[in-house]
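Taking it in order: structure first as structure tokens, then the write-up.
Below, all heavy atoms of this structure are taken into account, side chains as well, without hydrogens, waters or symmetry copies. Starting from 1, each residue takes its place in the sequence as its number.
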Amino acid sequence: MSRIVAKRLLGGFAGLLLGCASITQAGELSGSIGWDQRVEMGLLVNGVVASVKVKPGQRVAQGELLLNLDQRGFHAALAAADAELKRAEALLAEAEREQQRAEELYERTVLSEHERVLANIALAEAQANAGRARAQQVQASLDLEHSQLRTPVNGVVLAVHASP
């Protein structure tokens, strides 16, 4: 049996208390809570609580949504990261073409060593920018995913300490 305390640190405590117990037909709780198997959960991102999907006494299944933050900011950040990645990839493709052109011209002794080095530097900068944009996109995607609190185990909600 397990008990889960879910909390979010954003200007205060927002959490849920869950435990494994059996429910009889009359709606009474029987069984015991295994306090030694305590697990604390929290949201990894800050935000405004949009909805709490559970109430005390409610049974929850593993993976069920317990608490949801307002998703609009997370979706906007992901859309911005997607757009920045497309831009960075377009600039990288152009830098690759320019570097290849510089190499060809240098081989024909039409381009100076300095101009060739500048093309290589521009390519390295474009590669770094594209890598940074990919990382920002992954982070925005993770933030969106982490804006929802789901239960890792089957249980019964004992208390709810969060509200929209």
Under the salt bridge (Lys or Arg N to Asp or Glu O under 4.0 Å) rule, collect the residues that match up with [X], sequence neighbours excluded.
X	answer
E94	R97
E104	none
E103	R116

About how many Å separate [atom2] of [Y] and [atom1] of [X], when rounded to the nearest 0.5 Å?
X	Y	atom1	atom2	answer
H146	L69	NE2	CG	12.0 Å
E98	E96	CD	CD	12.0 Å
L66	L149	CG	CG	5.0 Å
Q148	F74	CD	CZ	10.0 Å

Intermediate values then yes/no, side chain to side chain contact (heavy atoms under 4.5 Å, CB included), V156 and V60: CA-CA 6 Å; V156 175; V60 292; over 6 Å; no

Connected via hydrophobic side-chain network under 4.5 Å: L123 and L111: no

May I ask you to list the residues sharing a hydrophobic cluster with [X], side-chain cutoff 4.5 Å, ordered by chain and number?
X	value
L142	V138
L85	none
L65	none
L118	none

Candidate pair L91 and N129, rule side chain to side chain contact (heavy atoms under 4.5 Å, CB included), full reasoning: CA-CA 9 Å; L91 291 173; N129 288 338; over 6 Å; no

Residues that S141 engages under side chain to side chain donor-acceptor pair (under 3.5 Å), provided they are two or more places apart: none

A126: partners by side-chain contact (heavy atoms from CB on, under 4.5 Å), with sequence neighbours left out: L92, A95

Residue pair A140 / L78: nearest heavy atoms and the distance that separates them: CB-CA, 3.7 Å

Shortest non-hydrogen contact between A88 and A133, atoms and distance: CB-CB, 3.9 Å

Within residues 124-145 or reaching into it, pairs that qualify as salt bridge (charged side-chain N to carboxylate O under 4.0 Å, His left out) - sequence neighbours excluded: none

Contact list for residues 71-85, test side-chain hydrogen bond (donor to acceptor under 3.5 Å, both in side chains), sequence neighbours left out: N68-Q71, D70-R72, Q71-S147, D82-Q137, E84-R87

Flag, side chain of E89 to backbone of K86, donor-acceptor distance under 3.5 Å: no

pair Q62-V153: side-chain heavy atoms closer than 4.5 Å: no

